[in-house]
2 protein chains.
Amino acid sequence: MSTRVPQERRRRRPTRSGVLLSEDLIVETALRLIGEHGPEALSVRRLGAALGCDPSALYRYFHGTDDLVLAIADRIIGDAMAGFVPGADWVASLREMALRVRAGYLAHPRAAAMAAHRVTGRKSEIQAVGIGLLLSAGFEPAAAARLYLAFIDTVLSHAATDAAFQALPLQQRQADHRAWRNVYQDLDPVVYPALTAVRPALPGMADSSFEEAVDLLLEALAARAPTR
Amino acid sequence: MSTRVPQERRRRRPTRSGVLLSEDLIVETALRLIGEHGPEALSVRRLGAALGCDPSALYRYFHGTDDLVLAIADRIIGDAMAGFVPGADWVASLREMALRVRAGYLAHPRAAAMAAHRVTGRKSEIQAVGIGLLLSAGFEPAAAARLYLAFIDTVLSHAATDAAFQALPLQQRQADHRAWRNVYQDLDPVVYPALTAVRPALPGMADSSFEEAVDLLLEALAARAPTR
DNA sequence: ACATTGGGTCAACCCTGTTGACGTAAGGCG
DNA sequence: CGCCTTACGTCAACAGGGTTGACCCAATGT
């Protein structure tokens with residue numbers, strides 16, 4: 001689960017500035033902090049200051065920074081998938097799941113970039129729905145599990161990369177952008193004749209290949225589906 | 001490029017302990033440090049100690065930690081792709097590229113996990129070769145660029161996720177592993193009847209879905225290829 | 001041989017996560 | 001109603017982090 005200090009909490013005591021701490025409040029404040037001032041603005045000390053409590057008070061709710069990050073990741077995925085119900089069309093349903101995951105990450109790019117590589121309970125819940133969709137498509141249980149894992153791992157990874165790029169400071173994003181362009185301008189047309197033909201068609205860095213990748217995966221899955 | 005302090009460097013002066021600093025030596029020492037003692041062992045101070053120089057000396061070669069990380073990422077990708085030449089079979093060539101990228105990341109899991117989300121010059125070099133392969137497959141230039149971007153982005157992202165998981169401390173890896181299993185054990189068979197059928201077929205967390213995902217992508221690309 | 005300056009060193013600054021002791025008030029219970 | 005326990009907010013301290021500016025020495029071009 002998200003919280004690693006799972007004891008039932010009674011004995012609430014207001015902080016010095018009158019705030020009643022809670023796991024939810026901490027996670028929400030952390031998300032707000034990250035969203036407003038960037039991912040490096042999240043520190044135990046700053047979070048404590050934003051909450052109006054001593055930094056060490058947070059250790060009553062989370063075992064450490066890692067725990068907090070996991071809770072944040074859980075919250076992001078949970079929000080993104082809230083209210084999702086798979087439909088009759090399994091391909092369309094898988095696509096919607098993928099788009100929801102990405103939307104959730106991009107809604108909190110900097111938080112997602114930090115947390116995306118950790119497996120959490122919420123992420124696992126997604127798996128239950130997804131494997132069911134592939135079973136309904138006629139795949140054998142073993143194949144359904146294997147293929148869905150490949151699908152969702154790819155979606156989560158790709159979405160994480162998108163989020164990580166969005167999370168970079170504008171300066172670095174532009175520098176990375178420039179790096180792409182420079183490569184093509186500096187390359188020798190004799191060595192890479194193919195590239196000169198492509199140059200005008202190169203996609204801008206602003207675009208993401210996420211949807212294209214999802215389409216490719218879904219095409220391959222549909223082609224492999226037994227009943228058609 | 002990797003180094004953001006690109007001035008030609010003359011005036012070499014041995015350090016107090018007799019070592020001649022260089023960009024390469026620094027990157028190699030950093031990789032060694034990370035490989036031996038984990039990613040959190042990489043700090044300017046420790047790196048200085050390992051090199052036998054004052055920590056601040058490193059700022060003559062890299063503008064800061066971020067620069068250093070970029071240089072490390074560059075080195076990893078460069079090493080992985082060293083000596084690669086695309087063959088006649090474009091599908092096989094793309095697959096080899098994917099496997100090389102992943103192998104490179106897994107060779108330095110902790111370094112890759114830290115650096116994987118940054119775009120670097122080396123990564124761009126890969127693109128030149130890849131787009132050429134898709135052009136040779138008969139794709140239009142615009143489609144070739146778009147599809148290859150989707151392919152390589154996915155491969156890099158997925159490989160980064162794999163590396164990030166390998167980079168986790170054993171304790172956390174096991175905890176994440178347990179989280180997966182628990183979800184299935186705790187789920188209600190009435191709500192998720194599909195899952196109970198799959199349970200014995202669930203893949204272990206040790207396995208990665210990387211190759212399966214690459215196969216799916218390549219299948220979709222082959223199906224879309226004009227000349228076949 | 002000299003002037004220039006690259007670059008290694010040192011000290012200092014302020015940040016970080018984390019922990020142990022401490023005490024206060026909230027809640028259960030008689 | 002009032003005591004006792006203990007959850008939990010607070011405080012102080014520690015070790016470690018990145019980064020910078022001043023300093024100065026020696027390697028280099030002339």
Side-chain angles (χ1 to χ4, degrees), chain A residues 3-26 29-30 33-34 37-72 110 114-115 169 171-172, chain B residues 3-26 29-30 33-34 37-72 110 114-115 169 171-172:
Chain A
T3 163
R4 300 281 182 83
V5 186
Q7 312 146 5
E8 290 200 12
R9 206 171 313 291
R10 286 157 233 153
R11 307 267 178 136
R12 294 292 191 69
R13 199 169 135 191
T15 178
R16 165 176 269 250
S17 58
V19 189
L20 267 186
L21 289 183
S22 75
E23 219 175 273
D24 281 347
L25 179 63
I26 294 174
T29 306
L33 251 183
I34 298 173
H37 304 103
E40 61 275 7
L42 183 67
S43 75
V44 182
R45 294 176 125 98
R46 258 197 276 260
L47 187 50
L51 283 162
C53 70
D54 190 271
S56 61
L58 302 175
Y59 287 83
R60 307 279 178 198
Y61 295 85
F62 303 95
H63 279 150
T65 309
D66 194 67
D67 258 9
L68 178 59
V69 169
L70 251 56
I72 293 174
R110 327 214 218 198
M114 192 173 44
Q171 193 180 353
Q172 287 181 19
Chain B
T3 162
R4 301 280 184 83
V5 185
Q7 313 148 7
E8 290 199 13
R9 204 170 314 291
R10 288 156 232 152
R11 307 264 178 139
R12 293 290 190 71
R13 199 170 136 192
T15 179
R16 164 174 274 248
S17 57
V19 189
L20 268 186
L21 289 184
S22 75
E23 218 174 275
D24 280 347
L25 180 62
I26 294 174
T29 307
L33 252 183
I34 297 174
H37 304 103
E40 60 275 5
L42 182 67
S43 75
V44 182
R45 294 175 127 98
R46 258 198 275 260
L47 185 50
L51 283 162
C53 72
D54 189 271
S56 61
L58 302 176
Y59 287 85
R60 307 279 181 203
Y61 295 85
F62 303 94
H63 277 151
T65 309
D66 194 67
D67 259 8
L68 178 59
V69 169
L70 252 55
I72 293 173
R110 326 215 221 200
M114 193 172 44
Q171 192 180 354
Q172 288 181 20

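By convention in this document, chain letters (A, B, ...) are assigned in the order of the sequence lines, proteins followed by strands, and residues within each chain are numbered from 1.
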Output yes when a side-chain donor or acceptor of B:Ser17 lies under 3.5 Å from a complementary backbone atom of B:Gly52, and no otherwise. yes
If I take atom [atom1] in residue [X] and atom [atom2] in nucleotide [N], what distance separates them, rounded to the nearest angstrom?
X: B:Leu33; N: D:dG17; atom1: CG; atom2: P; result: 11 Å
X: A:Leu68; N: C:dG17; atom1: CG; atom2: P; result: 10 Å
X: B:Arg16; N: D:dC23; atom1: CZ; atom2: C1'; result: 14 Å
X: A:Asp54; N: D:dA13; atom1: CG; atom2: C1'; result: 12 Å
X: A:Phe62; N: C:dT19; atom1: CZ; atom2: P; result: 16 Å
X: B:Leu20; N: C:dG7; atom1: CG; atom2: C1'; result: 12 Å
X: A:Glu23; N: D:dG9; atom1: CD; atom2: P; result: 13 Å
X: A:Leu21; N: D:dA7; atom1: CG; atom2: C1'; result: 13 Å

Assess the side chains of B:Asp24 and B:Ser22: does a donor N or O sit below 3.5 Å from an acceptor N or O? no
Using a heavy-atom cut-off of 4.0 Å across all strands, would you classify B:Thr65 as base, sugar-phosphate, or nothing?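 Answer is sugar-phosphate: B:Thr65 comes under 4.0 Å of backbone atoms only.
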Rounded to the nearest 0.5 Å, how far does [atom2] of [Y] lie from [atom1] of [X]?
X: A:Leu42; Y: A:Leu68; atom1: CG; atom2: CG; answer: 6.0 Å
X: A:Leu25; Y: A:Leu20; atom1: CG; atom2: CG; answer: 9.0 Å
X: B:Leu58; Y: B:Arg45; atom1: CG; atom2: CZ; answer: 11.5 Å

Answer with yes or no whether [X] presents, from its side chain, a donor or acceptor under 3.5 Å of a partner atom in the base of [N].
X: B:Arg60; N: C:dG6; value: no
X: B:Arg45; N: D:dG16; value: no
X: A:Ser43; N: C:dC15; value: no

Strictly below 4.0 Å: does B:Tyr61 bring a side-chain N or O up to OP1 or OP2 of C:dG7? no
Which of these nucleotides, [options], is closest to any side-chain atom of [X]?
X: A:Arg13; options: D:dG18, C:dA25, C:dT9; answer: C:dA25
X: A:Thr15; options: D:dT19, D:dG9, C:dT19; answer: D:dG9
X: A:Arg46; options: C:dG6, D:dT20, C:dT16; answer: C:dT16
X: B:Ser56; options: D:dT20, C:dT19, C:dG7; answer: D:dT20

